[in-house]
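Everything below concerns the one structure shown next.
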Amino acid sequence: MEKEILLEKIEADWITIEVIDKTTGKTFRRNLPVRYLETDNGVALFGETLEGKPAQIHFLSEAALAKINDLTGKGPDCARCD
């Protein structure tokens, strides 16, 4: 029986994307020099624009969004402790 390894984060300096063309149905795969970081808070992608300037995209998890809403006073109106 294989033991499951729990990761706190996943990191990579390159990502592989796979797309299916909607017209032809053909699958295309590309390796891109994009830094990838995944944690409980979501996924972050780091790369460069066509001008060579740093760029970032963040996809937040539901848990991260709930934390942000709570910190900004937009969360549920209830006490954390009894």
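Here the structure is a predicted model, which is why all the values come from computation and not from measurement.
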Exercise. Mind checking whether Ile15 and Phe59 sit in one hydrophobic cluster, side chains of I, L, V, M, F, W, Y counted as touching below 4.5 Å?
Worked result: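 Shared cluster, yes.
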
Exercise. Under a single-linkage definition using a 4.5 Å side-chain heavy-atom cutoff for Ile, Leu, Val, Met, Phe, Trp and Tyr, are Trp14 and Ile17 assigned to the same hydrophobic cluster?
Worked result: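 Not linked; separate clusters.
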
Problem set entry | side chain to side chain contact (heavy atoms under 4.5 Å, CB included) partners for Ile10, two or more places apart | Leu7, Tyr36, Glu38

Problem set entry | By side chain to side chain contact (heavy atoms under 4.5 Å, CB included) - contacts of Lys26 (at least two apart) | Thr24, Phe28

Exercise. What distance separates Asp13 CG from Leu32 CG, expressed to the nearest 0.5 Å?
Worked result: 13.0 Å

For this session: Working to the nearest 0.5 Å, report the span between NE2 of His58 and CZ of Phe46.
Result: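 Those atoms lie 5.0 Å apart.
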
For this session: Please answer whether the main-chain N or O of Asp40 pairs with a side-chain N or O of Ser61 as donor and acceptor at a distance below 3.5 Å.
Result: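 Answer holds: yes.
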
Is it true that atom [atom1] of [X] has more than 12 heavy atoms of other residues, nucleotides or ligands lying nearer than 6.0 Å?
X	atom1	value
Glu8	CD	no
Glu62	CD	no
Asp21	CG	yes

Problem set entry | Distance-minimising heavy-atom pair for Ala55 and Thr49 | CB-CG2, 4.1 Å

Exercise. Side-chain donor-acceptor pair under 3.5 Å between Asn31 and Thr16, yes or no?
Worked result: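 Present: a donor and an acceptor within the cut-off.
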
Exercise. Do Asn41 and Lys67 have side chains that get closer than 4.5 Å, going by heavy atoms?
Worked result: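 A side-chain contact exists here, since the closest heavy-atom pair is under 4.5 Å.
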
